[in-house]
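One structure below.
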Amino acid sequence: MTKTSSKDLWAPWLPKGPGRCEAPPARGRPGGVCPSRGPGSRSAPSGKFFHNLMERKDFETWLDNISVTFLSLTDLQKNESLDHLISLSGAIQLRHLSNNLETLLKRDFLKLLPLELSFYLLKWLDPQTLLTCCLVSKQWNKVISACTEVWQTACRNLGWQIDDSVQDALHWKKVYLKAILRMKQLKDHEAFETSSLIGHSARVYALYYKDGLLCTGSDDLSAKLWDVSTGQCIYGIQTHTCAAVKFDEQKLVTGSFDNTVACWEWSSGARTQHFRGHTGAVFSVDYNDELDLLVSGSADFTVKVWALSTGTCLNTLTGHTEWVTKVVLQKCKVKSLLHSPGDHILLSADKYEIKIWPIGREINCKCLKTLSVSEDRSICLQPRLHFDGKYIVCSSALGLYQWDFASYDILRVIKTPELANLALLGFGDIFALLFDNRYLYIMDLRTENLISRWPLPEYRKSKRGSSFLAGEMSWLNGLDGQNDMGLVFATSMPDHSIHLVLWKEHG
């Protein structure tokens, strides 16, 4: 291309005689600056000069043509052309240039970059900075709000479950805003509220919670079923003294201080089965309708296996040397040399040991394994036990112990000064629920830090029955905006009432 100087480029519009200016007016302004009179001068829109002013249509045609020519120049030629235009500009043009230069130099990268690249860059910012960036403009807010991966990661970091099937691009930012509010409430000890259930005339020793319903067994020889959300008593039946209870829609199973186990029908209150054979109080019961089995743990140091439908004692499991305070029937979810996924497993626990039995394979079974935290039995286990088919968790004076059910190896021991006197209520993938004589605690298992606490009234912590329990447990595997509701914790009180700790609604 033939080199074109800036003078050649602008030659048609340079002065052609003294006092005469044929330069085009500033775009969008009448009149113009006359280069022959120097910067700051302005020709009057009258006389012969007015006759030479371009019509708007002609001006736009000229501007389009000159733009095409300008874009075809090299960078050096463009710079020379701009220098020449600036030298021809008056005060009004220079002021216009100064006012708009800063804006012209800015580039909105979120608007200019491909969406995928914008999302990649946004992933390096923390959520609080992203929320601030959303205030820059509607365009920024739209792009940042639609960055699903960023908000999903932010939710995960807060301990929230992620449902990848949700495709709504704006959904996860809304979830994060809800999550951060709930986590702030937990940090500020404002996430819960309390309530009471009143109706028993003697101390309540047995509690069991399922699907919004709480069953209570009392020394007043009755058991009641409560709707936690309304506080209303749904059923009340006459029983024996209850140390342990478990129920479903049709029936209630009770373990008693009178050394027996009984099965009751909710609708009629009738006792449909009576299980006799223990020589000590029955502190824990569990059953499985599919297997037609009921198991019970007693102060006589034994675990008994019963036919649920007939009340016949099928087996007595021995080996414990202390009161059996907990029994759990659960399907195995992992494979090992001793069991396969789908096998039904029985766990029984006393003050020092946890015993594992293959209850689903044979009735006359032998203990597969005995777990403890000290060989010399110097460390006591708390009378609580968590077993989900993959892991066994129990608390002790040394801290929380987690065993892998496939290998029976200790996977984790959580030891902190605060855990010295804490008892386990619930254990999940993300959170654990613990308590002591004064507070209810939530631990973030990823950091092993206590992130929240809630004051508890004075209550009785006794071997005599399960007089305290956790409510909804799914949130321990991660909050999701839907599972942070309902019962968190329940305990019986000296005045025969039941003290409830509930999630505040609309976290």
Side-chain angles (χ1 to χ4, degrees), residues 159 186 192 206-209 244 246 283-284 286 297 322-330 345 347-356 371-374 379-405 408 410-456 459-478 487-492 499 501:
L186 286 171
F192 305 133
L207 300 170
Y208 186 81
Y209 177 81
K246 184 175 180 179
F283 293 129
S284 182
D286 202 356
E322 295 285 340
W323 293 1
V324 180
T325 55
K326 187 68 176 178
V327 290
V328 178
L329 270 176
Q330 174 71 44
I345 301 294
L347 265 64
S348 58
D350 63 29
K351 186 177 181 179
Y352 298 107
E353 297 176 336
I354 301 169
K355 291 186 178 293
I356 303 168
L371 307 176
S372 64
V373 298
S374 60
I379 305 300
C380 295
L381 300 175
Q382 298 283 357
R384 308 294 295 177
L385 182 65
H386 169 84
F387 178 49
D388 61 2
K390 296 186 294 184
Y391 306 106
I392 300 171
V393 184
C394 193
S395 58
S396 73
L398 293 180
L400 287 178
Y401 279 74
Q402 182 181 22
W403 288 270
D404 176 27
F405 194 60
Y408 301 127
I410 295 176
L411 288 181
R412 187 178 191 182
V413 181
I414 302 176
K415 296 183 178 180
T416 65
E418 298 90 344
L419 283 177
N421 297 308
L422 296 191
L424 177 69
L425 283 167
F427 192 92
D429 296 334
I430 304 295
F431 303 111
L433 188 64
L434 310 149
F435 76 112
D436 62 15
N437 290 329
R438 299 174 58 199
Y439 294 100
L440 182 68
Y441 299 91
I442 296 176
M443 172 183 283
D444 188 329
L445 293 171
R446 298 166 300 176
T447 62
E448 299 183 1
N449 292 326
L450 299 177
I451 62 171
S452 184
R453 72 180 187 182
W454 184 262
L456 295 175
Y459 66 94
R460 180 170 180 172
K461 188 175 179 182
S462 168
K463 290 182 183 179
R464 291 190 64 196
S466 52
S467 57
F468 46 83
L469 55 67
E472 300 289 347
M473 303 283 278
S474 62
W475 65 271
L476 296 176
N477 293 321
L487 184 65
V488 179
F489 174 79
T491 183
S492 58
H499 179 79
V501 178

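All residue numbers in this chain count up from 1 along the given sequence.
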Search all heavy atoms of Leu398 against all heavy atoms of Lys415 and return the closest pair with its distance.
-> O-CG, 3.1 Å
Just jot down the side chain to side chain contact (heavy atoms under 4.5 Å, CB included) partners of Ser374, sequence neighbours excluded, or say none.
-> Asp376, Ser378, Ile379
Keeping the roles fixed (side chain from Asn477, backbone from Asp429), state whether a donor-acceptor pair exists under 3.5 Å.
-> yes
Starting from the C-alpha separation in whole Å, work towards a yes-or-no answer on side chain to side chain contact (heavy atoms under 4.5 Å, CB included) for Phe468 and Ser492.
-> CA-CA 7 Å; Phe468 46 83; Ser492 58; over 6 Å; no
Does some side-chain heavy atom of Val393 sit less than 4.5 Å from a side-chain heavy atom of Tyr401?
-> no
Do you know the tightest heavy-atom contact between Leu400 and Phe427?
-> CD1-CE1, 4.3 Å
Listed partners of Leu476 passing side chain to side chain contact (heavy atoms under 4.5 Å, CB included), at least two apart | Phe431, Leu433, Met473
Taking the side chain as C-beta and beyond, is there a heavy-atom pair between Asp388 and Gln330 under 4.5 Å?
-> no
Test side chain to side chain contact (heavy atoms under 4.5 Å, CB included) applied to Ile354 and Cys394, step by step | CA-CA 9 Å; Ile354 301 169; Cys394 193; 4.0 Å; yes
Scanning both residues in full, the closest heavy-atom pair of Arg384 with Leu425 reads NH2-CD2, 4.3 Å
Between Phe192 and Trp454, how do the two ring planes meet: parallel, tilted or perpendicular, split at 30° and 60°?
-> perpendicular
Closest non-hydrogen contact found for Ala244 with Phe283 is CB-O, 3.3 Å
Phe435 and Thr491, any side-chain heavy atoms less than 4.5 Å apart | no
Any donor-acceptor pair under 3.5 Å linking the side chain of Ser467 with the backbone of Leu207?
-> no
Would you confirm whether Ser284, through its side chain, and Val327, through its main-chain N or O, come within 3.5 Å as a donor-acceptor pair?
-> yes
Considering all heavy atoms of both residues, which atom of Cys380 and which atom of Ser396 are nearest to each other, and what is their separation?
-> O-CB, 3.3 Å
Rounding to 0.5 Å, atoms CG (Leu381) and CG (Asp350) come to a distance of 7.5 Å
Val373 and Ile410: CA distance, side-chain angles, deciding distance, side chain to side chain contact (heavy atoms under 4.5 Å, CB included) verdict = CA-CA 9 Å; Val373 298; Ile410 295 176; 5.9 Å; no
Check: Met443 and Leu422 side chains under 4.5 Å, non-hydrogen atoms | no
Distance-only, no hydrogens or angles: does the Asn449 side chain make a donor-acceptor pair with backbone N or O of Ile451 under 3.5 Å?
-> no
Ignoring hydrogens and geometry, is there a side-chain-to-backbone donor-acceptor pair from Asp286 to Leu329 under 3.5 Å?
-> yes
Compare every heavy atom of Ile345 with every heavy atom of Phe405, then report the nearest pair and how far apart it is.
-> CZ-CG2, 3.6 Å
